Protein chains: 2
Amino acid sequence: MANFDHRLNLAFAALADPTRRAIVARLCSGDATVGELARPFEIGLPTLLKHIRVLESGGLVSSEKSGRVRTCSLTPGALLGADDWLRAHIATWESRLDRLEAHLARKKKDVT
Amino acid sequence: MANFDHRLNLAFAALADPTRRAIVARLCSGDATVGELARPFEIGLPTLLKHIRVLESGGLVSSEKSGRVRTCSLTPGALLGADDWLRAHIATWESRLDRLEAHLARKKKDVT
DNA sequence: ATCAAAGTTTGCCATATGGCGAACTAATTC
DNA sequence: GAATTAGTTCGCCATATGGCAAACTTTGAT
């Protein structure tokens with residue numbers, strides 16, 4: 001429970017940065033090396049590496065080094081977890097709206 | 001574009017804190033005052049107020065003061081925006097998986 | 001008029017974040 | 001084996017975050 005919480009903390013925090021979201025977006029369409037990930041952005045390798053570590057600690061990305069090249073891939077679990085949280089709460093909100101609407105409709109009927 | 005990005009930054013950042021997620025969860029089932037929101041948590045009012053400001057700047061919550069009471073309500077737009085981003089990228093990931101699978105299936109057929 | 005209630009502002013702290021350049025390591029390539 | 005490439009680590013910085021206590025400001029109640 002506090003565990004899920006913590007995973008969500010890290011996942012949402014990881015997604016709160018545009019560079020990291022771009023990395024996730026890039027990895028959605030296929031694995032990439034650190035260098036390939038760095039190229040489109042105007043940031044240094046050390047900084048990008050930090051981002052990757054943040055993404056890894058958030059469970060969004062995993063990477064493995066073979067030779068001198070590190071290849072990163074998307075781990076969809078955390079994305080799904082974050083999405084689950086959002087959808088559950090959006091659903092709660094909407095069902096509450098529905099009840100409210102029904103309530104108003106009933107009231108209107110009473111008055112009319 | 002950079003605008004959407006910024007909104008997403010703030011929304012995801014707002015969701016990266018468990019106290020704030022709990023506030024959002026609470027507000028899903030109805031409006032609440034600052035005091036009501038603070039009660040379940042073991043944090044001071046000033047801290048809670050900061051959280052509310054973060055949620056407001058992320059577009060997740062809006063609040064209005066009448067008399068000496070400030071009432072907070074959920075603004076679902078930012079939740080939906082974050083959810084849209086997640087779902088779009090999950091979809092991209094899955095369609096890529098599908099293509100990969102199809103590719104493998106084709107290959108297997110060729111070999112067999 | 002006074003007192004209590006509900007926020008709010010103001011400082012203050014410790015920690016974390018995103019960025020950099022410089023130096024270092026380990027694998028290829030020539 | 002020398003040079004290059006691809007990461008990596010190491011300080012260092014400025015800013016932001018989450019927390020608190022204390023003082024202040026309205027409003028509402030008596």
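Note that this is a predicted model, so its numbers are computed, not measured. What's counted below: heavy atoms across the whole structure, side chains too, no hydrogens, waters or symmetry copies. In the text below, chain A, chain B and the rest are named by the order of the sequence lines, each starting its count at 1.
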Q. For P18(B), which residues count as a side-chain contact (heavy atoms from CB on, under 4.5 Å) partner, sequence neighbours excluded?
A. D5(A), N9(A), R21(B)
Q | Residues that T47(B) engages under side-chain contact (heavy atoms from CB on, under 4.5 Å), provided they are two or more places apart | A | I43(B), H51(B)
Q | Residue pairs involving residues 46-64 of chain A (criterion salt bridge (Lys or Arg N to Asp or Glu O under 4.0 Å); sequence neighbours excluded) | A | none
Q. Reckon T47(A) has a side-chain N or O less than 4.0 Å from the OP1 or OP2 of dG18(C)?
A. no
Q: Go through residues 11-38 of chain B and report each residue with a non-hydrogen atom lying under 4.0 Å from DNA chain D, sorted by number.
A: D17(B), R20(B)
Q.
With a strict under 4.0 Å distance from non-hydrogen atoms of chain A, what nucleotide opens and what nucleotide closes the contacted stretch of DNA chain D, reading 5' to 3'?
A. dT4(D) to dT9(D)
Q.
One character per nucleotide, please: for nucleotides 21-28 of chain C, 5' to 3', B when the base has a protein heavy atom closer than 4.0 Å, S when only the sugar-phosphate does, - otherwise.
A. BB----BS
(Q) If I take atom CD in residue E42(A) and atom P in nucleotide dG18(C), what distance separates them, rounded to the nearest angstrom? (A) 18 Å
Using residues 82-92 of chain B as the side-chain source, report each donor-acceptor pair under 3.5 Å to any protein atom, sequence neighbours left out, with the distance given to one decimal.
{"unit_1": "H89(B)", "atom_1": "ND1", "unit_2": "W85(B)", "atom_2": "O", "d": "2.8"}
{"unit_1": "T92(B)", "atom_1": "OG1", "unit_2": "A88(B)", "atom_2": "O", "d": "3.0"}

Q: Check the distance between dA6(C)'s P and K65(B)'s NZ and give it to me in whole angstrom.
A: 12 Å
(Q) For E36(A), give me all partners under side-chain hydrogen bond (donor to acceptor under 3.5 Å, both in side chains), at least two apart in sequence or on another chain. (A) none
Q: For A14(B), enumerate each residue passing the side-chain contact (heavy atoms from CB on, under 4.5 Å) test, keeping only those at least two apart in sequence or located in another chain.
A: R20(B), V54(B), L55(B), L60(B)
Pairs of donor and acceptor atoms involving the side chains of residues 69-77 of chain B, under 3.5 Å and at least two apart or interchain, shall be tabulated with distances.
{"unit_1": "R70(B)", "atom_1": "NE", "unit_2": "S63(B)", "atom_2": "OG", "d": "2.9"}
{"unit_1": "T75(B)", "atom_1": "OG1", "unit_2": "S62(B)", "atom_2": "N", "d": "3.4"}

(Q) Whole angstroms only, please: what is the CD1-P distance between I43(A) and dG19(C)? (A) 5 Å
Q. Residues two or more places apart in sequence or in another chain: which of them pass side-chain contact (heavy atoms from CB on, under 4.5 Å) with P40(A)?
A. none
Q) Roughly, in whole Å, what's the span from NE2 in H51(B) to C1' in dG7(C)? A) 16 Å
Sequence neighbours excluded and cut-off under 3.5 Å, please list the side-chain donor-acceptor pairs for residues 25-32 of chain A, or say none.
{"unit_1": "R26(A)", "atom_1": "NH1", "unit_2": "G30(A)", "atom_2": "O", "d": "3.0"}
{"unit_1": "S29(A)", "atom_1": "OG", "unit_2": "R26(A)", "atom_2": "O", "d": "3.2"}

Q) In terms of the nearest nucleotide of DNA chain C, which residue is placed more toward the 5' end: K50(A) or K50(B)? A) K50(B)
